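Each remark here refers to the structure printed beneath this line.
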Amino acid sequence: MEILLLAVLLYQGYRFLRATRGARILTGLLVLLLGLALVSQLLKLEVITWLLKGFVTFFAIALVVIFQPELRRLLAELGSHRFFSFNGSEEASLDNLIEAMVQLSHRRCGALFAIQRGIELKPFAESGVSLDAKISTELIGTIFHPKTPLHDGGMVVDQGRIVAAGCVFPVSQKDLPDRSIGLRHRAGLGITEETDAVALVVSEETGALSLCHKGKLEHNLEPDELRERLQRILVYGEDDNTRNESESGKAEEARSSA
């Protein structure tokens, strides 16, 4: 049971940290320590062996510093309650939000939204301008118009209402394979790395619609696909693992039918 428990914890830790920027730093440290340990044992270098034993404590502190954003997000998710921002009575707000994103996409106006869930986004909302207004396509279109003062920040949404606009979100430092991903998308990833919020992004360059959840980016979504993903996450509480499993099941069924 202990071996099984340790194996599960190590595997889950690997899955959680493998896509982070600190994963490469951790790999480099492990390679360096293992190399030094091997050389010191083969050549019987007593001083280096003694130093490596004393380095264990420093290594544990270094891990906490390197993976501080990931650990904070993990602990925040474990300690948060999951009261979702949208429910059946707030479908109109969800429709208005997606419709506004589609209109902004057609006009090539960039936009960034953060939908609050269990963890409060008050610290980020305080960095912008408080609004407390009902979601409407006209208001969102006005806020993110390129010539308005609030267009260059993020919008915080909670319980079907616009809490604040022009907010500053943390920028993710994660390595992304797509070089076309700009600061707006990185800010969407950053807010989902530190909280359990869901971020929505409209690209200014291409008009593509994107969704950020748990530090992962789903890029270039169709409006219907975006709405379905939001319903799964906000209403039914499904996560990325559930989505991946369902997609794998659909792919397996398609192969079987073929």
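Here the structure is a predicted model, which is why all the values come from computation and not from measurement.
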Return the CG to CD1 distance between D158 and I135, rounded to the nearest 0.5 Å. 9.5 Å

Which atoms form the tightest heavy-atom contact between A187 and L112, and what is the distance? CB-CD2, 3.8 Å

Heavy-atom side-chain proximity of I140 to F113 below 4.5 angstrom: yes

Considering only residues two or more places apart or on different chains, which pairs with a residue in residues 135-157 satisfy salt bridge (charged side-chain N to carboxylate O under 4.0 Å, His left out)? none

Please report the interatomic distance CG(L189) to NZ(K216), rounded to the nearest 0.5 Å. 11.5 Å

For residues V202 and C109, report the shortest heavy-atom separation together with the two atoms involved. CG1-O, 3.4 Å

Nearest heavy-atom approach of L104 to A111 is CD1-CB, 3.6 Å

Rounding to 0.5 Å, atoms CG (N220) and CD (E222) come to a distance of 7.0 Å

Under 3.5 Å, side-chain donor or acceptor atoms of residues 164-172 against the rest of the protein: list the pairs with distances, not counting sequence neighbours.
residue, atom, partner, partner atom, Å
S172, OG, K174, N, 3.2
S172, OG, E193, OE1, 3.4
S172, OG, E193, OE2, 2.7

Hey, any chance I143 and V129 share a hydrophobic cluster, counting ILVMFWY side chains that come within less than 4.5 Å of each other, even indirectly? yes

To the nearest 0.5 Å, atom OG1 of T49 lies from atom NZ of K44 at 11.0 Å

Begin from the C-alpha positions of H213 and R117 and carry the test side chain to side chain contact (heavy atoms under 4.5 Å, CB included) through to its verdict. CA-CA 11 Å; H213 179 47; R117 300 178 70 197; 3.2 Å; yes

Expected list for residues 31-39: side-chain donor-acceptor pairs under 3.5 angstrom, two or more places apart:
none

Shared ILVMFWY cluster between I115 and I191, side chains joined below 4.5 angstrom? no

Contact between L200 and L97 at the side-chain level, heavy atoms closer than 4.5 Å - yes or no? yes

V198 and I233 have their tightest heavy-atom pair at CG2-CG2, 3.7 Å

So for atom CD1, which belongs to I3, do other residues, nucleotides or ligands contribute more than 12 heavy atoms lying within a distance under 6.0 Å? no

Sequence neighbours excluded - side chain to side chain donor-acceptor pair (under 3.5 Å) pairs with any residue from residues 124-133: D132-R161

What's the shortest heavy-atom distance between R107 and G141, and which atoms? NH2-O, 3.6 Å

Report yes if the side chains of E218 and E225 come closer than 4.5 Å at any heavy-atom pair, otherwise no. no

Could you report the tightest heavy-atom contact between H219 and S210, atom names first, then the distance? ND1-OG, 2.6 Å

Counting only heavy atoms not in E120, do more than 12 fall under 6.0 Å of its CD? no

Which residues pass the ring pair (Phe, Tyr, Trp, His ring centres under 6.0 Å) test with F124, sequence neighbours left out? none

I'd like to know if the side chain of S40 reaches the main chain of L45, judged simply by a donor and an acceptor atom lying under 3.5 Å from each other, with no hydrogens or angles considered. no

Within a strict 4.5 Å, meaning less than it, do heavy atoms of the I98 and L230 side chains meet? yes

Worked check of side chain to side chain contact (heavy atoms under 4.5 Å, CB included) between C212 and L217: CA-CA 5 Å; C212 302; L217 174 65; 3.5 Å; yes

As an exercise, state the distance from CG of L150 to CE of M155, rounded to the nearest 0.5 Å. 8.0 Å

Examine distances only and state if a side-chain atom of S105 and a backbone atom of M101 form a donor-acceptor pair shorter than 3.5 Å. no

Compare all side-chain heavy atoms of I162 with those of L139 and state whether any distance is below 4.5 angstrom. yes

Using the rule given for side chain to side chain contact (heavy atoms under 4.5 Å, CB included), can you reason through S203 versus H185, listing the C-alpha separation, both sets of side-chain angles and the distance that settles it, and then say yes or no? CA-CA 8 Å; S203 174; H185 292 84; 4.0 Å; yes

Indicate yes or no: at least one non-hydrogen side-chain atom of E204 is less than 4.5 angstrom from one of H151. no

So CG of L211 and OG1 of T192: to nearest 0.5 Å the spacing works out to 9.0 Å

Measure the shortest side-chain to side-chain distance between I119 and E194 over non-hydrogen atoms and say whether it is less than 4.5 angstrom. no

Remaining members of L9's ILVMFWY cluster at a side-chain heavy-atom cut-off under 4.5 Å? L5

Flag side-chain contact, heavy atom, 4.5 Å: R227 against D95: yes

